[in-house]
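Only a predicted model underlies this, so the values are computations on that prediction, with no experimental measurement involved.
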Amino acid sequence: MSGDHSDATIARRVRRLETLLEDKGVLSGARLDEIIDATLTGATPANGARVVARAWVDEEFRSRLLADGTAAVRELGFMEGSYQRLRVVENTATTHNVIVCTLCSCYPLRLLGPSPSWYKSEAYRSRVVREPRAVLAEFGLQLPAGTDITVWDSSAETRYMVLPRRPEGTRELGEEQLAALVTRSALIGTAAV
């Protein structure tokens, strides 16, 4: 697919769409701001961290999460009203997962908060697909040579979140303490916990 997907171009397109919605009387600028504010309210990586912590302590929840991420996170009150499908992919001792959106920056906003600038950059979006091990190393994540790396490409219909491996020595920690260990980068797959 060709085309200009730079931040400036996308911003101009978004502004044009907003103007059209206002000019056609579909939405007022104030109503559009209300919708955006409601979408961003509570959108934080702490939500994804709570999902991960629950999966680490509750095997049945973990199984449901991996089978149907959307339904499982709705059990915890996340993604209500969201039309996207959430697929959760699990890191293991032999497999590491990393998320990207090669066309733009599709991303589970309610679970991971606003996406980091590097996630939207053309460099990340193109390179992580071609050379994931090198990109992860640039983030400081050195994986053993035998670890398989799977890159998942988000879309408007399906969003992804990584279920990182539970760190060693955390069996005595409760859910809240475990959630505090999980970063947005771990939920994307560019870091371990």
Side-chain angles (χ1 to χ4, degrees), residues 1 5 10 14 35-121 124-126 128-129 132 135-136 139 141 147-167 175-176 178-193:
M1 178 177 205
H5 295 285
I10 292 169
V14 168
I35 292 168
I36 291 169
D37 288 346
T39 300
L40 293 177
T41 298
T44 170
N47 295 339
R50 285 193 288 274
V51 170
V52 167
R54 173 68 56 88
W56 284 346
V57 300
D58 182 339
E59 184 60 36
E60 289 179 13
F61 177 78
R62 183 187 147 283
S63 294
R64 291 192 306 275
L65 182 66
L66 295 173
D68 184 348
T70 307
V73 299
R74 283 187 177 147
E75 290 175 30
L76 300 180
F78 304 122
M79 290 188 70
E80 289 302 324
S82 177
Y83 63 89
Q84 294 100 7
R85 174 178 176 242
L86 177 69
R87 181 155 181 215
V88 178
V89 291
E90 183 178 30
N91 286 348
T92 68
T94 58
T95 302
H96 185 85
N97 297 283
V98 63
I99 309 306
V100 67
C101 181
T102 56
L103 294 178
C104 55
S105 59
C106 292
Y107 178 85
L109 181 74
R110 294 177 184 176
L111 294 173
L112 278 63
S115 58
S117 59
W118 56 261
Y119 185 84
K120 298 177 269 190
S121 74
Y124 174 77
R125 292 183 353 240
S126 63
V128 76
V129 174
V135 170
L136 293 175
F139 278 96
L141 182 58
T147 302
D148 291 325
I149 301 172
T150 304
V151 179
W152 298 92
D153 193 358
S154 289
S155 68
E157 295 81 27
T158 303
R159 308 294 165 91
Y160 291 89
M161 184 179 89
V162 172
L163 175 58
R165 292 180 63 201
R166 184 174 179 164
E175 267 186 68
E176 191 173 314
L178 289 168
L181 301 175
V182 181
T183 65
R184 177 174 55 185
S185 292
L187 298 168
I188 296 171
T190 54
V193 175

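- Annotation: Glu176, atom CD; neighbour count of heavy atoms from other residues, nucleotides and ligands within 6.0 Å does not exceed 12.
- Note that CZ of Phe78 is 9.0 Å distant from OG1 of Thr44, once rounded to the nearest 0.5 Å.
- Judged by distance alone, the side chain of Arg159 and the main-chain N or O of Tyr107 form a donor-acceptor pair under 3.5 Å.
- Between Arg85 and Glu157, none of the side-chain N atoms (NZ, or NE/NH1/NH2) sits under 4.0 Å from a carboxylate O, so this pair counts as no salt bridge.
- Across every non-hydrogen atom of Ala49 and Ala179, the tightest pair is CB-O, 3.4 Å.
- One distance of note links CD of Glu75 with CG of Asp68; it measures 9.0 Å at 0.5 Å rounding.
- Between Tyr119 and Tyr124, the angle of the ring planes lies from 30° to 60°, which puts this pair in the tilted group.
- The two residues Ser154 and Cys106 come nearest to each other via the heavy atoms CB-O, 3.5 Å.
- Rounding to the nearest 0.5 Å gives a distance of 5.5 Å between CG of Leu103 and SG of Cys101.
- Side-chain atoms of Thr183 and Pro45, non-hydrogen and from C-beta on, never get closer than 4.5 Å to each other.
- When only modelled atom types and interatomic distance are considered, Asp153 and Thr102 share a side-chain donor-acceptor pair under 3.5 Å.
- With Trp152 contributing its side chain and Arg87 its backbone, the two residues share no donor-acceptor pair below 3.5 Å.
- In this structure the side chain of His96 never reaches within 4.5 angstrom of the side chain of Asp148, judged on heavy atoms.
- Proximity of Val89 to Leu163: side-chain heavy atoms (C-beta onward) are nowhere separated by under 4.5 Å.
- Panel note: side chain Arg64, backbone Ala72; no donor-acceptor pair is recorded below 3.5 Å.
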Exercise. Between Tyr160 and Val100, is a side-chain contact (heavy atoms from CB on, under 4.5 Å) present by the stated rule, with each step listed?
Worked result: CA-CA 9 Å; Tyr160 291 89; Val100 67; over 6 Å; no
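- Listed here is the closest heavy atom pair of Arg166 and Leu178: NH2-CD1, 3.6 Å.
- Between Glu175 and Arg54 there is a salt bridge, since at least one side-chain N of the basic residue sits less than 4.0 Å from a carboxylate O of the acidic one.
- Taken from CG in Leu111 to CZ in Arg50, the straight-line distance is 10.0 Å, to the nearest 0.5 Å.
- Val98 places none of its side-chain heavy atoms less than 4.5 Å from the side chain of Val162.
- Heavy atoms only, all atoms of each residue included: Val88 and Leu66 are closest at O-CD2, 3.5 Å.
- Although no hydrogens or angles enter the test, the distance criterion places a donor-acceptor pair under 3.5 Å between the side chain of Ser155 and the main chain of Thr158.
- In summary, of the residues considered (Thr147, Thr150, Asn97), a side-chain hydrogen bond (donor to acceptor under 3.5 Å, both in side chains) with Asn91 occurs for Asn97 alone.
- Using a 4.5 Å cut-off on side-chain heavy atoms (C-beta onward), Met161 and Ile99 make no contact.
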Could you give the side-chain donor-acceptor pairs of residues 184-192 under 3.5 Å, partners two or more places apart or in another chain?
from: Arg184; atom 1: NH1; to: Pro114; atom 2: O; distance (Å): 2.5
from: Thr190; atom 1: OG1; to: Ser185; atom 2: O; distance (Å): 3.4

